[in-house]
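Report on one structure; see the data block that follows.
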Amino acid sequence: MYTVLFGGVQSFEPGGQVGEADPVRPLVEAIDRARAASLLDGEPTPIALSIWATLHGLVALELAGALDTAMADTAFRSAIHATLRGWTTPSVFRALRRTEPGP
């Protein structure tokens with residue numbers, strides 16, 4: 001479905017202004033809200049790029065047949081949580097670590 005929806009590999013040039021029709025715009029807006037609420041720490045472009053790259057990498061693996069459904073569910077959940085944790089403010093990070101289940 002990814003290929004049907006997006007026509008295959010898409011170009012991505014981070015660093016410019018996000019336009020009204022840019023597919024990354026909702027992500028950047030969510031990052032801006034999280035930064036305003038002191039949940040995430042960092043500049044929006046690197047945060048968006050890390051999230052975008054993580055998810056697109058997982059989608060590529062899934063499309064290639066490298067992940068079955070259960071593995072894809074686990075991989076998507078753990079990868080996005082880990083990526084977001086890396087951008088959280090110190091107080092949010094400490095709170096997340098206290099509430100996460102152990103290994």
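Here, residue 1 is the first one in the sequence, and each next residue gets the next number.
- One finds the CG atom of Leu58 at 9.0 Å from the CD1 atom of Ile80 (value rounded to the nearest 0.5 Å).
- Note that CZ of Phe76 is 8.5 Å distant from CG of Leu61, once rounded to the nearest 0.5 Å.
- Heavy atoms only, all atoms of each residue included: Gly42 and Arg35 are closest at O-NE, 2.6 Å.
- With rounding to the nearest 0.5 Å, the separation of CG in Leu49 from CD in Glu43 is 13.5 Å.
- A distance of 9.5 Å separates CZ of Arg25 from CG of Asp32, quoted to the nearest 0.5 Å.
- With values rounded to the nearest 0.5 angstrom, Ile47 atom CD1 is found 7.5 Å from Asp41 atom CG.
- Taking the side chain as every heavy atom from C-beta outward, Leu39 and Trp87 never approach each other to under 4.5 Å.
- For the pair Leu40/Thr89, no side-chain contact is recorded, criterion being any heavy-atom separation below 4.5 Å from C-beta on.
- Nearest heavy-atom pair, Ala48 versus Leu27, reported as atom, atom and distance to 0.1 Å: O-CD2, 3.8 Å.
- You'll find the side chain of Met71 stays beyond 4.5 Å of the side chain of Glu62, heavy atoms only.
- For the pair Leu84/Ile51, a side-chain contact is recorded, criterion being any heavy-atom separation below 4.5 Å from C-beta on.
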